[in-house]
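Below is one structure, written out as structure tokens; the observations come after it.
Numbers restart at 1 for each chain; the letters A, B, ... are given by sequence-line order, proteins then strands.
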2 protein chains.
Amino acid sequence: MSQDGAGIHLETSLGYLLKEASSALRTAMEDVLRPLGMTVTRYSCLELLAQRPGLSNSELARGTFVTRQSMNVLLQALEREGLVTRPPEAPVGKVLPTRLTPTGRKALEKATVAVRSVELRMLAGLTDDEQAQALRILRSMVRSLQA
Amino acid sequence: MSQDGAGIHLETSLGYLLKEASSALRTAMEDVLRPLGMTVTRYSCLELLAQRPGLSNSELARGTFVTRQSMNVLLQALEREGLVTRPPEAPVGKVLPTRLTPTGRKALEKATVAVRSVELRMLAGLTDDEQAQALRILRSMVRSLQA
DNA sequence: TGACTCATGTCAGTATTCTGACATACCGTG
DNA sequence: CACGGTATGTCAGAATACTGACATGAGTCA
């Protein structure tokens, strides 16, 4: 079972568990978003846009942890479907500020409810203190990794 | 900055932070594995195989959080390159037990060193207590999500 | 035994994301 | 002002992962 030595202990590896938790969260989100005709990436983009209107393609990409090329094709699709709008010309530089349309806001609302239910389920067994701890610890990990 | 109401607070959302941490970890792993001609998925597969020899395609898929179809093409590649072996015929049922070859073990060793350095960096700012806490909390999240 | 359910390995096609590349616009320093 | 460095939007092609589908083998139950 626990043959020590060279490998990395999967059972006690924070990295492995991080991946597992992230994967479980993504799957759970997909499950609740699918009936709404929404995907995780699209939702992430819309939610980000709702909180910070006018974000550019590159900024959205960084906020959703994909490349700006991927975000670009996503935005083109969202634009075609009328969920977001971008001005035909950049007001300044090359940056195109993106905004939600009423349709996009509508779609996001339903998705947010679904996602919130998932997040609540995820946090069900945790006290407020533990949640705060988790926040602090995860932030520390991100900081260390990016350094 | 903090326009409350409909959305999910990104700054304080454990879900978002989980994704961010997982993404940062993956990027950091890719960075150290690339010089070795290794990818994260391949490493995960080999590491799993080192700890639990004889795992089947489907079991490896579950352990690395991909579909069994994806794992299958990965295994075929690893087999072609001589890093793993599978018997031509299933000893029992359809399950093909997979094993590392000496070449595979060799490749894994270097990768493990690299990955361990990343994991150590990630945990740099955390006490042992905090690491144990994180483990406990993440496990709770996974359990709640899968329920 | 036979029927049913479930899990597995695998093929094929699709979808998504990435890497590479290019032109362009800002911004600092000399 | 000129210029190198950096960031952006976008196109194209490659890599990767996924969904759908099928045949097969194991286990269960009547």
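- Between the side chains of A:Glu47 and A:Tyr43, at least one donor-acceptor pair of N or O atoms lies under 3.5 Å.
- Remark: P of C:dG9 and CG of B:Leu75 are 9 Å apart, rounded to the nearest angstrom.
- At a cut-off of 3.5 Å, with distance as the only test, no side-chain donor of A:Thr112 or A:Glu109 sits close to an acceptor on the other residue.
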- With B for base contact, S for sugar-phosphate-only contact and - for none (protein heavy atoms under 4.0 Å), nucleotides 10-21 of chain D reads BB-----SBBBB
- Would A:Leu126 and A:Leu123 count as a side chain to side chain contact (heavy atoms under 4.5 Å, CB included) if you check the C-alpha gap in whole Å, the side-chain angles of each, and the deciding distance to 0.1 Å? CA-CA 5 Å; A:Leu126 301 176; A:Leu123 302 176; 4.1 Å; yes
Give every donor-acceptor pair under 3.5 Å between a side-chain atom in residues 67-76 of chain A and any protein atom, sequence neighbours left out.
from    : atom 1 : to      : atom 2 : distance (Å)
A:Thr67 : OG1    : A:Ser70 : N      : 3.2
A:Thr67 : OG1    : A:Ser70 : OG     : 3.0

- Item | A:Ser13 vs B:Glu119, side-chain hydrogen bond (donor to acceptor under 3.5 Å, both in side chains): CA-CA, chis, key distance, verdict | CA-CA 8 Å; A:Ser13 160; B:Glu119 184 140 12; 3.0 Å; yes
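- Checking D:dG25, C:dC26, D:dT8 against the side-chain heavy atoms of B:Lys94 singles out D:dG25 as nearest.
- Residue-level contact check: A:Arg42 touches neither bases nor backbone, having no heavy atom under 4.0 Å from any strand.
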